[in-house]
Q: 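Attaching a single structure in structure tokens format; questions to follow.
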Amino acid sequence: MNAQEFGNAEIDAIEAASKRVENMLKRPDQLERVEQIRRREARKKASVEARLKTAMQSQLDGVRTGLTQLQSALATIKEVRSWVKEVDSKYVECAELSSKLGEVKEVANRHSQLAAAVENLKHIFTVPENVKKTERFIEEEKLLLAHKGLMELESSRDDLLYELHKHPSENPSDDYLLKNYFADVDQLSDQLFKHIKVVLQRLLNCARENPALLVTALRIIEREERIDKKMSDREKMAGFHAPGRPKEWRKRALSEMKKVALVRFEGSQLEDRTEDKMWLVRHLELVRQNAVGDLTTVKHLCVPCFPPDYYIFQYFINMYQDCLATHLQDIINAELEHNEIISLLTWLTEYEGSSMLGDPNLAIDVSKIPPLLPNQDVDNLQQQYMRTLTTNIQTWMSNALDTDVKDWHRDTEPESDGEGFFRTQLPVIIFQMIEQNLQVSNQISKDLTTKVVLLCVEELQAFVETYRSVCVEFKFEHMEFRSLSATEIGIIRDYKFKHLQDRSEPKFYFQYMVAIVNNFHSFNDFTRQLERKHLGLPAEEEGTTIFHGLMDSFNRLAGDCMGDLLNEMFMDLEPHLIQLLTRPWFQIHGSPAIDTVCITIEDYYRDFLHLRKDFFGKLLQELEVRVITAYLKALVDRRMTFKSYEERKAAAEKIAREAEQMERLFERLSPVKSDPSPTEAILTLTEVVKLMDTSLISLEISTLVHKYPDIRNDHLCNLLVLRGDITAADARQTIVETIGEDNERPINQNQKTIFSSLPQK
């Protein structure tokens with residue numbers, strides 16, 4: 001620091017001190033503490049000066065020590081320089097010694113070769129004897145002694161060849177002569193390894209019965225590995241390649257163990273498909289038992305025998321994995337049958353389970369084990385399984401349906417369940433078959449189970465489509481009486497067609513149709529169970545769309561079959577319903593036609609009782625609607641014309657009695673009450689029929705149309721003509737003036753009543 005910088009620093013210090021004093025003495029009362037402040041600042045100053053002195057002293061000591069060391073280093077450098085100069089002068093004096101000592105060098109080399117020859121002279125002369133002794137040790141399975149003799153022979157040979165390599169002979173036959181003399185040594189090496197190979201082939205038995213022999217073989221292999229490394233290093237340094245090196249006995253030993261594993265898997269196949277259909281199940285079980293047993297032996301008995309760097313347990317896991325994958329690929333390539341694919345896929349699922357790699361005794365981390373087969377191969381197996389399963393399901397369903405059709409022609413009623421409902425075994429057979437296949441797929445994987453469930457739903461939907469032709473209303477009036485095959489008109493359609501040709505056959509046609517309707521209830525129940533059980537859907541949650549679609553198809557088929565039941569009944573009712581509102585009907589005392597209709601319905605009712613309750617209620621409701629519709633049709637069909645008011649009044653009263661009779665019948669039979677009752681439509685029409693004052697007809701028509709918006713003008717026209725006091729032209733004019741044309745009264749879905757069921761004129 002120069003004088004100017006020092007002066008500036010001093011000025012800054014004075015200014016800083018002045019500001020500090022100013023801050024400490026801002027108030028007059030602080031002047032009393034001036035002496036106290038001075039003493040405190042004096043102590044701080046003394047403390048700072050002491051620290052500065054200490055720091056300066058430390059710095060000075062360090063500088064003094066550094067100077068001393070520099071002086072010592074300088075003296076040492078001068079001394080080394082003098083020594084280097086002295087060595088340089090010596091080297092200059094010794095430069096001519098190389099040429100002067102050339103003869104000495106040649107003598108030294110010859111002496112080295114002679115020394116190696118003298119050192120191995122004993123071994124050279126005893127080579128034949130040592131070879132025989134080593135052979136005897138090998139035959140007696142004294143492997144360590146045999147290997148010791150082999151090492152001595154190889155060491156002598158290699159040392160002599162190395163000396164010959166360092167000082168090549170002018171005679172090239174020397175090298176050949178020496179190798180030929182030791183030719184039996186290579187044969188001894190091969191013979192010894194053959195014995196070691198036998199030990200490795202019996203590795204697991206040796207580990208159980210004679211672990212010392214296994215340890216001996218491994219010690220020999222490790223010795224050879226060390227010699228291989230030594231000779232490899234010599235070759236890198238001196239370029240000398242020892243005969244037969246590297247032997248790589250460790251690599252060959254591991255390869256031999258892998259061959260043994262593959263042969264062990266292949267050897268566990270005791271039979272083939274031609275001898276036993278369950279051959280693959282037995283074979284895979286033997287593979288499982290062998291693998292678990294072998295790995296257990298390796299873990300507990302072989303690991304202590306092998307050097308740690310072999311990681312023999314993990315090596316065996318990987319080796320068994322590779323060999324097993326190769327073996328399974330060979331099996332797959334041989335084209336498996338359906339049951340064999342199931343067995344293989346199930347076994348693959350259990351491969352990492354507690355019965356195999358996941359065995360607690362093995363303590364294997366299965367999460368680190370790669371899949372035994374590639375995902376593509378497993379997918380191909382599953383696709384092949386699904387294709388075969390599809391064909392089988394179609395065949396099983398077809399056979400089950402054929403069996404069910406045969407039952408329809410029996411001379412006995414269908415069997416009933418515990419509640420007295422008719423049924424056949426078709427739903428049980430089909431869903432038992434589906435359940436059995438799902439149990440099999442569930443053992444393989446959850447994903448495959450889901451695929452099988454969806455496949456079964458698709459096949460059930462296809463089955464519904466095939467079955468649909470048997471459940472749609474049989475339109476007899478459009479059917480020609482000719483020989484039709486089941487393919488043309490469907491199974492139940494054919495069954496129904498034959499029945500229509502001769503209604504006495506089959507004997508229990510109606511009862512079996514009831515059983516068929518009940519079957520759809522079972523189909524729906526089984527479908528719900530299928531979805532809940534195998535898709536894991538909670539009971540309170542709604543089903544999936546595909547299952548809803550399937551159950552809707554079953555329900556539609558049930559409705560169609562109930563329609564067939566009603567059609568069968570109406571074949572008996574129609575001759576009596578056609579008599580209604582005719583002149584004979586009016587003239588006959590009482591209601592014989594309706595009485596017969598009611599008796600017939602009650603007769604059929606005994607068979608309806610075998611319908612399940614949900615179908616039973618729907619069928620009776622539909623029956624009531626169809627009977628009342630037939631009665632309404634009679635009212636608007638213009639089957640007769642009344643001649644006087646008295647006839648209209650008497651007919652209206654008779655119609656009302658018959659309507660009440662039918663209403664009482666259905667109230668007694670049906671568990672579900674219709675609200676409003678369909679018979680109200682009949683009573684409403686009778687009001688129009690018995691009306692005395694024709695001037696009020698327009699009002700009655702308006703009231704009638706307001707209550708039943710879907711009644712058509714042609715029906716109203718016929719009803720008015722039925723009265724006998726209005727012509728058709730007047731009736732139509734009155735109707736049009738009162739309510740307009742049909743197309744002027746659009747009807748929405750909610751306004752439809754029983755009159756929508758009436759045919760248009």
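Note that the structure is predicted; figures quoted are calculated from it, not measured.
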Q: Ignoring hydrogens and geometry beyond distance, is a side-chain donor-acceptor pair present between Gln384 and Asn380 at under 3.5 Å?
A: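 Their side chains do not contain a donor-acceptor pair, so the 3.5 Å distance test is not met.
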Q: For Phe554 and Phe523, take the angle between the two ring planes, folded into 0 to 90°, and tell me which bin it lands in: parallel under 30, tilted 30 to 60, perpendicular over 60.
A: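 Rings of Phe554 and Phe523: parallel, under 30°.
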Q: Who pairs with Asp525 by side chain to side chain donor-acceptor pair (under 3.5 Å), at least two apart in sequence or on another chain?
A: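 Per chain and number, Asp525 pairs via side chain to side chain donor-acceptor pair (under 3.5 Å) with His521, Arg528.
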Q: Taking 4.0 angstrom as the limit, do Asp233 and Lys229 come out as a salt bridge?
A: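 Salt bridge present between Asp233 and Lys229.
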Q: Scan side-chain atoms only and decide if Ser367 and Asp365 contain a donor-acceptor pair under the 3.5 Å cut-off.
A: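 Ser367 vs Asp365: donor-acceptor pair found between side chains.
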Q: For a quick check under 3.5 Å, do Glu135 and Gln187 share a side-chain donor-acceptor pair by atom type?
A: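 The criterion, which ignores hydrogens and geometry beyond distance, is not satisfied for Gln187 and Glu135.
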Q: Checking Thr449 side chain against Ser441 main chain: does a donor-acceptor pair fall under 3.5 Å?
A: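 Checked: pair present.
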Q: Tell me if the CZ atom of Arg208 is crowded by more than 12 foreign heavy atoms within 6.0 Å.
A: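 It does: Arg208 CZ has more than 12 such atoms within range.
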Q: Output all residues satisfying side chain to side chain donor-acceptor pair (under 3.5 Å) with Asp186, sequence neighbours left out; order by chain, then residue number.
A: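 Side chain to side chain donor-acceptor pair (under 3.5 Å) list for Asp186, sorted by chain: Arg157.
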Q: Using the side-chain contact (heavy atoms from CB on, under 4.5 Å) rule, take Leu454 and Glu459 through it: C-alpha gap first, then chi angles, then the decisive distance, then the call.
A: CA-CA 9 Å; Leu454 297 179; Glu459 291 304 318; over 6 Å; no
Q: Indicate yes or no: does Arg288 engage Glu285 in a salt bridge with an N to O separation below 4.0 Å.
A: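 A salt bridge links Arg288 with Glu285.
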Q: Between CD1 of Ile429 and CG of Asp404, what distance do you get to the nearest 0.5 Å?
A: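 Result: 7.0 Å between the selected atoms.
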Q: Counting neighbours of CD on Glu141 that are heavy atoms of other residues, nucleotides or ligands and sit closer than 6.0 Å, is the number greater than 12?
A: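 Not buried by this count: 12 neighbours or fewer within 6.0 Å.
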Q: Give a yes or no answer on whether the side chain of Tyr315 reaches the backbone of Leu254 with a donor-acceptor pair at less than 3.5 Å.
A: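 Yes: the side chain of Tyr315 pairs with the backbone of Leu254.
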Q: Please report the closest heavy-atom contact between His300 and Asn361, naming both atoms and the distance.
A: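 Reported closest heavy-atom pair: NE2-O, 3.7 Å.
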Q: Going by an N to O cut-off under 4.0 Å, is there a salt bridge joining Glu435 and Lys533?
A: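 Yes, Glu435 and Lys533 are salt-bridged.
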Q: Looking at Phe137, is Lys142 sitting on its ring face, NZ or CZ under 6.0 Å from the six-membered ring centre and within 45 degrees of the normal?
A: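 Judged by the rule (NZ or CZ under 6.0 Å from the ring centre, within 45° of its axis), Lys142 is not positioned above Phe137.
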Q: Could you state the interatomic distance from CD (Glu340) to CG (Leu381), rounded to the nearest 0.5 Å?
A: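 If we round to the nearest 0.5 Å, Glu340:CD and Leu381:CG are 11.5 Å apart.
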Q: With rounding to the nearest 0.5 Å, note down the distance linking CD in Gln329 to CG in Leu372.
A: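 CG of Leu372 is found 9.0 Å from CD of Gln329.
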Q: Taking atom types as modelled and ignoring hydrogens, do the side chains of Tyr512 and Arg410 form a donor-acceptor contact shorter than 3.5 angstrom?
A: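 The criterion, which ignores hydrogens and geometry beyond distance, is satisfied for Arg410 and Tyr512.
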Q: Are there more than 12 heavy atoms of other residues, nucleotides or ligands under 6.0 Å from atom CD of Glu140?
A: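 Counting neighbours around CD of Glu140, more than 12 heavy atoms of other residues, nucleotides or ligands fall under 6.0 Å, so yes.
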Q: Can you classify the ring geometry of Trp279 versus His283 as parallel (below 30°), tilted (30 to 60°) or perpendicular (above 60°)?
A: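 Parallel, since the angle between the ring planes stays under 30°.
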Q: Output yes when Arg250 and Asp309 qualify as a salt bridge under the 4.0 Å nitrogen-oxygen rule, no when they do not.
A: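 Yes, this pair counts.
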Q: Assess whether a salt bridge exists between Lys247 and Glu224, defined as any Lys/Arg side-chain N lying under 4.0 Å from an Asp/Glu carboxylate O.
A: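 The answer is yes: the pair qualifies as a salt bridge.
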Q: Just by distance, with hydrogens left out, do Ser553 and Gln461 show a side-chain donor and acceptor under 3.5 Å apart?
A: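 Yes, because at least one side-chain N or O of Ser553 sits under 3.5 Å from a partner of the opposite role on Gln461.
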Q: With a sphere of 6.0 Å drawn around CG of Asn375, does it hold more than 12 non-hydrogen atoms of other residues, nucleotides or ligands?
A: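 Counting neighbours around CG of Asn375, 12 or fewer heavy atoms of other residues, nucleotides or ligands fall under 6.0 Å, so no.
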